[in-house]
Amino acid sequence: MAGTKEIKDHIDSVQETKKITSAMYLIASTKLRRARQELDNTRPYFEALRREIKRIFRTVGGEVVDSPYFYPLEGEAPLDKPNACLVITADKGLAGAYNQNAIKEALKLLDTHPDTKLYVVGEYGRRFFASHGIPIEHSFLYTAQNPTMARAREISALLLDGFENDRLDKIYVVYTDMGNGMDFQARCTRVLPFHRTHFADSARIEPPVTTPVEFLPSVQAVLDSMMPSYVSGFIYSALIDSFCCEQQARMTAMDSANQNAEKLLGELSLEFNRVRQSAITQEITEVSAGARAQRKKHQKEGC
């Protein structure tokens, strides 16, 4: 059985660890609040751009729009080039299953399309793929913390360059979706090319466009100028969503660690009191036994 000193050292160690996990919880909650505010500030532009693209398709109706960013109306073209996948992970762990869930989605895509080229954000993802011998086409070396629109444009420009120059067939993004704010899920979403119905179907509930709209120089040129901004906005939204989910997962993990620390401290305190009481009882017993021995010795000497 451990002595009082060992138990006291264990209690001190748990208390120090609890201070760290509590601090990490507070830091994660602060970062989450700021990231959510940033997401709320940028979503209106992204949604407005999406509405404009929908309005274009409502305006042209059944007219054929020949754009490299959209599949033709008759369906998908056959694959003859590799795909690209942007995988968004964190820079560190201690966030529950956040990183592993994103990596699992990427591995599922690699199982289906082994020639997929990986573009990785986050030190955790870089280390995982490197340790498993999975080649990475491009690694974005800046931190996954505090994503900005400038970084999203840089990522988007690299991916669009491969797509527009006919080196890539499809572009996927593996990220973690914030969902309803409490629950989050890793997703693998195809960014390019779009199906026209991606915008047209959701427009059915909106009234048709009755005012004539003129596109200069053409509908295709307008769409081709808008889609890079839309892709950049989607990637930025995915970066922010993933960052929010990382902080939410870290808060949950640290809160669980704090609860476990409280439980362990209670058990250790109970064990410490039990061992100390046992030691006190042992000392009293030894003193009493010594006193009895002395009395017996004196009685013998008196006789």
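- Ser237 places no side-chain N or O within 3.5 Å of a backbone atom of Gly233 that could act as its donor or acceptor partner.
- Tested against Cys85, the residues Val173, Val120, Leu109 include a single side chain to side chain contact (heavy atoms under 4.5 Å, CB included) partner, Leu109.
- With hydrophobic clusters built from ILVMFWY side chains whose heavy atoms lie under 4.5 angstrom apart, Leu118 does not share a cluster with Phe140.
- Separation of atoms OG1 (Thr116) and CD1 (Ile171) is listed at 12.0 Å; rounding is to 0.5 Å.
- Val87 and Ile134 fall within a single hydrophobic cluster, where Ile, Leu, Val, Met, Phe, Trp and Tyr are joined by side-chain heavy atoms under 4.5 Å apart, directly or via other members.
- Atom CD of Glu137 sits about 13.5 Å away from atom CZ of Phe129, to the nearest 0.5 Å.
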side-chain contact (heavy atoms from CB on, under 4.5 Å) between Leu107 and Phe128: does it pass, once the steps are laid out? CA-CA 11 Å; Leu107 293 177; Phe128 176 87; 4.1 Å; yes

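- No donor-acceptor pair closer than 3.5 Å links the side chain of Thr189 to the backbone N or O of Tyr172.
- By the criterion of side-chain heavy atoms lying less than 4.5 angstrom apart, applied directly or through intervening Ile, Leu, Val, Met, Phe, Trp or Tyr residues, Ile235 is not grouped with Val174; the two fall into different hydrophobic clusters.
- No donor-acceptor distance shorter than 3.5 angstrom exists from the side chain of Ser256 to the backbone of Thr252, with no hydrogens or angles considered.
- Between the side chains of Glu262 and Asn258, not a single donor N or O lies within less than 3.5 Å of an accepting N or O.
- Summarising the geometry, atom CD1 belonging to Ile11 is positioned 8.5 Å from atom CD belonging to Glu271; distances are rounded to the nearest 0.5 Å.
- Considering CD1 of Ile88 and CG of Asn99, their distance stands at 12.0 Å, rounded to 0.5 Å.
- Defined by atom type and a distance below 3.5 Å, a donor-acceptor pair is present between the side-chain atoms of Gln100 and Tyr124.
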Does Tyr236 form a side-chain contact (heavy atoms from CB on, under 4.5 Å) with Ile240? I'd like the steps, not just the answer. CA-CA 6 Å; Tyr236 180 59; Ile240 292 286; 3.8 Å; yes

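- The closest donor-acceptor contact from the side chain of Ser131 to the backbone of Arg127 lies under 3.5 Å.
- Closest non-hydrogen pair, Asp241 versus Asp177, comes out as OD2-OD1, 3.6 Å.
- By the rule that hydrophobic residues join a cluster once side-chain heavy atoms approach within less than 4.5 Å of another member, Leu159 and Tyr175 end up as members of one cluster.
- More than 12 heavy atoms of other residues, nucleotides or ligands sit less than 6.0 Å from atom CZ of Arg167.
- Evaluation of the salt bridge (charged side-chain N to carboxylate O under 4.0 Å, His left out) rule for Arg33 yields no partner, not counting sequence neighbours.
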Ile155 vs Leu86, side-chain contact (heavy atoms from CB on, under 4.5 Å): CA-CA, chis, key distance, verdict: CA-CA 9 Å; Ile155 297 171; Leu86 174 66; 3.7 Å; yes

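- A continuous path of ILVMFWY side-chain contacts below 4.5 Å connects Val121 to Phe234, so both sit in one hydrophobic cluster.
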Begin from the C-alpha positions of Met149 and Ser232 and carry the test side-chain contact (heavy atoms from CB on, under 4.5 Å) through to its verdict. CA-CA 8 Å; Met149 191 64 194; Ser232 297; 3.9 Å; yes

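- Of the inter-residue distances, the one linking Leu110 atom CG with His113 atom NE2 reads 10.0 Å to the nearest 0.5 angstrom.
- Between Arg126 and Glu123, at least one side-chain nitrogen of the basic residue sits less than 4.0 Å from a carboxylate oxygen of the acidic one, meeting the salt-bridge criterion.
- Nearest heavy atom pair, residue Ala186 against residue Glu105, reads CB-CG, 3.8 Å.
- Counting all heavy atoms, side chain and backbone alike, Leu168 lies closest to Phe163 at O-CD1, 3.8 Å.
- Summarising the geometry, atom CZ belonging to Arg153 is positioned 12.5 Å from atom CG belonging to Leu160; distances are rounded to the nearest 0.5 Å.
- Thr21 places a side-chain N or O within 3.5 Å of a backbone atom of Lys18 that can act as its donor or acceptor partner.
- With hydrogens and angles ignored, the 3.5 Å screen pairs no side-chain donor or acceptor of Thr176 with any backbone N or O of Ser242.
- We find that Glu154 and Arg151 are not joined by a salt bridge, their nearest charged nitrogen and carboxylate oxygen being 4.0 Å or further apart.
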